[in-house]
Novice: 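One structure coming up, written as structure tokens, with questions to follow.
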Amino acid sequence: MAVVTGANKGIGFEVVKMLSKLGLTVVLTARNAKNGSIASDSLRRDGFQNVHFFWLDVSDPSSISAFVSWFRLSFGVLDILVNNAAVSFNAVGENSIKEPETIIKTNYYGAKLLTDALLPLFRRSVSVGRILNISSRLGALNKLRNPSLRQTLESEELTYEQIDATVTQFLEDVSKGTYEENGWPENWSDYAVSKMALNAYSRVLARRYNGKKLSVNCYCPGFTRTSMTGGQGTHTAEEAAATIATLVLLPPEKLTSGKFFMCVEPNRIISRL
């Protein structure tokens, strides 16, 4: 049983299709109800009767609550969560900050709030639950030029509260116009910080559930041809989805947790702590 967010197109859609093809029951979610329904119907017409759709806007806590209530009543247990939903307002080659609150609320808080709400439903008694957060190398800590902030996020004692405080500090620096001089990432700053926070959250969550049959990892699909990249990229959404399916379906003895997987070229990935 799997849930994939932001799945009416692009990587998310291909992940739903791939997991369904492999025999899993999959819930496809999208913040646009019409587009999500169309995507789900298209898969069902192609024979994927194990695909279900539910509207979900991860930036809206009430939407998350409604989704989790429906999922609990409809399915009860969860094995795989792929947090794919994300937004960016920069085109490739553009580097301005637009709607940073929306980006942080969707890319970081959305994934965090949904994951926290679904944690009690993971079926860890008979198998290892799997959470894969779709991230970006832009969120790597080496992009952070402020040594104090980097030291905080690198700490083995990092807490959720410190991650939230870091994100809040970024938004405050943006509002003051001081984010560049204060050492935040230079490229796609708001998107980079949202993914940096998501990576940090994943590490803390992995540490919290160490030894408790729950695997939490991040994956950067690389420069993929999707609407977010304006159709530019080195590989297709189908290729990225194939890697994602491989990662979330690894046998228990090969599963890791707290790792950041990165696609360096099609069909080749590396992992980092």
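Position 1 is the first residue of the sequence, and the numbers go up from there.
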Novice: Checking Arg130 side chain against Leu250 main chain: does a donor-acceptor pair fall under 3.5 Å?
Specialist: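 Confirmed, Arg130 side chain pairs with Leu250 backbone.
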Novice: Between Leu119 and Leu214, is the side-chain contact (heavy atoms from CB on, under 4.5 Å) condition met? List the steps.
Specialist: CA-CA 9 Å; Leu119 280 173; Leu214 184 65; 3.6 Å; yes
Novice: Could you point out which residue of Ile131, Val82, Leu255, Leu81 forms a side chain to side chain contact (heavy atoms under 4.5 Å, CB included) with Val248?
Specialist: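 In the set Ile131, Val82, Leu255, Leu81, the residue that makes a side chain to side chain contact (heavy atoms under 4.5 Å, CB included) with Val248 is Val82.
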Novice: For Lys17, is there an ion pair with Asp46 - N to carboxylate O distance below 4.0 angstrom?
Specialist: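 Salt bridge absent between Asp46 and Lys17.
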Novice: Could you list the residues that satisfy ring-ring contact (aromatic ring centres under 6.0 Å, His included) with Tyr108, not counting sequence neighbours?
Specialist: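 Result, ring-ring contact (aromatic ring centres under 6.0 Å, His included) vs Tyr108: none returned.
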Novice: Return yes if some donor-acceptor pair links the side-chain N/O of Thr246 with the main-chain N/O of Ala242 below 3.5 Å, else return no.
Specialist: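 The answer is yes, because a donor-acceptor pair under 3.5 Å joins these two groups.
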Novice: If you measure from CE on Met18 to CD on Glu238, what distance do you get to the nearest 0.5 Å?
Specialist: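 It comes to 8.0 Å.
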Novice: Does a side-chain heavy-atom distance below 4.5 Å link Leu249 with Leu19?
Specialist: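 Yes, close enough: below the 4.5 Å cut-off.
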Novice: Using side-chain contact (heavy atoms from CB on, under 4.5 Å), reason through Met196 and Leu141 one step at a time and then give a plain yes or no.
Specialist: CA-CA 7 Å; Met196 193 173 290; Leu141 290 178; 3.8 Å; yes
Novice: Could you check if a side-chain atom of Phe170 sits within less than 4.5 angstrom of a side-chain atom of Ser189, using non-hydrogen atoms only?
Specialist: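 In short, these two side chains touch, coming nearer than 4.5 Å.
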Novice: Looking at OG of Ser96 and CH2 of Trp188, how far apart are the two atoms once the value is rounded to the nearest 0.5 Å?
Specialist: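 Those atoms lie 10.0 Å apart.
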Novice: As an exercise, state the distance from NZ of Lys21 to CG of Leu43, rounded to the nearest 0.5 Å.
Specialist: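 The distance works out to 10.0 Å.
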Novice: NE2/His52 to OG/Ser40 distance, rounded to the nearest 0.5 angstrom?
Specialist: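 The distance works out to 8.5 Å.
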Novice: Roughly how far, to the nearest 0.5 Å, is CD1 of Ile97 from OH of Tyr191?
Specialist: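 Between Tyr191 OH and Ile97 CD1, I get 15.0 Å after rounding to 0.5 Å.
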Novice: Is the backbone N or O of Asp164 less than 3.5 Å from a side-chain atom of Thr168, with the two atoms forming a donor-acceptor pair by type?
Specialist: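 Answer holds: yes.
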Novice: Compare every heavy atom of Ala33 with every heavy atom of Trp55, then report the nearest pair and how far apart it is.
Specialist: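 Trp55 and Ala33 have their closest heavy atoms at CD1-N, 3.8 Å.
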Novice: Does the pair Phe53 and Val16 meet the rule for a side-chain contact (heavy atoms from CB on, under 4.5 Å), with working shown?
Specialist: CA-CA 11 Å; Phe53 169 67; Val16 171; over 6 Å; no
Novice: Distance-only check: which donor-acceptor pairs under 3.5 Å involve side-chain atoms of residues 24-31, not counting sequence neighbours?
Specialist:
{"residue": "Thr29", "atom": "OG1", "partner": "Val4", "partner atom": "O", "Å": "3.3"}

Novice: Sequence neighbours left out, cut at 3.5 Å: what donor-acceptor pairs do the side chains of residues 63-71 make with other protein atoms?
Specialist:
{"residue": "Ser63", "atom": "OG", "partner": "Asp57", "partner atom": "N", "Å": "2.9"}
{"residue": "Ser69", "atom": "OG", "partner": "Ser65", "partner atom": "O", "Å": "3.0"}
{"residue": "Trp70", "atom": "NE1", "partner": "Ser74", "partner atom": "OG", "Å": "3.1"}

Novice: Heavy-atom count check: over 12 atoms from other residues, nucleotides or ligands less than 6.0 Å from Glu181 CD?
Specialist: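 Counting other residues, nucleotides and ligands, CD of Glu181 exceeds 12 neighbours.
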Novice: What heavy-atom pair brings Ile103 and Ser194 nearest, and what distance separates the two atoms?
Specialist: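 Result for this residue pair: CG2-OG, 3.8 Å.
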Novice: In the single-linkage hydrophobic clustering (I, L, V, M, F, W, Y; side-chain heavy atoms under 4.5 Å), do Ile38 and Phe48 co-cluster?
Specialist: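 Each belongs to a different hydrophobic cluster.
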Novice: Below 4.5 Å, heavy atoms only, C-beta onward: do Leu205 and Tyr160 meet side chain to side chain?
Specialist: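 Yes, side chains in contact.
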Novice: For the side chain of Asn107 and the backbone of Val87, is there at least one donor-acceptor N/O pair under 3.5 Å apart?
Specialist: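 Side chain of Asn107 to backbone of Val87, a donor-acceptor pair under 3.5 Å: yes, one is there.
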Novice: Any side-chain heavy-atom pair from Leu144 and Pro185 closer than 4.5 angstrom?
Specialist: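 The answer is yes, as the side chains (C-beta and beyond) meet within the 4.5 Å cut-off.
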Novice: Side chains of Asp190 and Val174: closer than 4.5 Å at any heavy-atom pair?
Specialist: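 The answer is no, as the side chains (C-beta and beyond) never meet within the 4.5 Å cut-off.
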Novice: If you measure from CD on Glu180 to CD on Glu186, what distance do you get to the nearest 0.5 Å?
Specialist: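 These two atoms lie 8.0 Å from each other.
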Novice: Checking the side chain of Lys98 only, and the main-chain atoms of Ser88 only, is there a donor and an acceptor separated by less than 3.5 Å?
Specialist: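 No, the answer is negative, given that no donor and acceptor are paired below the 3.5 Å cut-off.
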Novice: Closest heavy-atom contact between Leu113 and Pro61?
Specialist: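 So the two residues come closest at CD1-CG, 4.3 Å.
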Novice: Of the non-hydrogen atoms in Val77 and Arg123, which two are nearest, and what is the gap between them?
Specialist: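 Nearest pair, atom of Val77 first, then Arg123: CG2-NH1, 3.3 Å.
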Novice: Tell me if the NZ atom of Lys112 is crowded by more than 12 foreign heavy atoms within 6.0 Å.
Specialist: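 Buried by this count: over 12 neighbours within 6.0 Å.
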Novice: Are the side chains of Ser59 and Thr102 in contact, using a 4.5 Å heavy-atom criterion?
Specialist: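 No, their side chains stay 4.5 Å or more apart.
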Novice: Kindly give the heavy-atom pair with the smallest separation between Thr5 and Ala85, and that separation in Å.
Specialist: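 Nearest heavy atoms, Thr5 then Ala85: OG1-N, 2.9 Å.
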Novice: If every non-hydrogen atom of Ala197 is compared with every non-hydrogen atom of Val167, which pair is closest and at what distance?
Specialist: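 So the two residues come closest at CB-CG2, 3.6 Å.
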Novice: Report yes or no: does Arg44 contribute a side-chain atom to a donor-acceptor pair with the main-chain N or O of Gln49 at less than 3.5 Å?
Specialist: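 Yes.
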Novice: Under 3.5 Å, is there a donor on one side chain and an acceptor on the other for Asn146 and Ser148?
Specialist: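 Side-chain D/A pair, Asn146 to Ser148: absent.
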Novice: Is any side-chain heavy atom of Ile11 closer than 4.5 Å to a side-chain heavy atom of Val15?
Specialist: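 A side-chain contact exists here, since the closest heavy-atom pair is under 4.5 Å.
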Novice: Carefully, step by step, assess Ser42 and Phe13 under the rule side-chain contact (heavy atoms from CB on, under 4.5 Å).
Specialist: CA-CA 11 Å; Ser42 73; Phe13 179 81; 3.9 Å; yes
Novice: For Asn50 and Ser20, indicate whether the former's side chain and the latter's backbone hold a donor-acceptor pair under 3.5 Å.
Specialist: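 Yes, because the side chain of Asn50 sits within donor-acceptor range (under 3.5 Å) of the backbone of Ser20.
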Novice: What pairs with Asn182 under side chain to side chain contact (heavy atoms under 4.5 Å, CB included), at least two apart in sequence or on another chain?
Specialist: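 Applying side chain to side chain contact (heavy atoms under 4.5 Å, CB included) to Asn182 gives Asp173, Thr178, Trp184.
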Novice: Just to verify, what does Thr256 make a side chain to side chain contact (heavy atoms under 4.5 Å, CB included) with, not counting sequence neighbours?
Specialist: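 Checked Thr256 against side chain to side chain contact (heavy atoms under 4.5 Å, CB included); matches are Asn217, Lys259, Phe261.
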Novice: Would you say the side chain of Lys143 lies within less than 4.5 Å of the side chain of Asn187, judging by non-hydrogen atoms?
Specialist: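 Not touching, per the 4.5 Å side-chain cut-off.
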Novice: Who passes side-chain hydrogen bond (donor to acceptor under 3.5 Å, both in side chains) against Arg150, sequence neighbours left out?
Specialist: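 Arg150 satisfies side-chain hydrogen bond (donor to acceptor under 3.5 Å, both in side chains) with Glu154 only.
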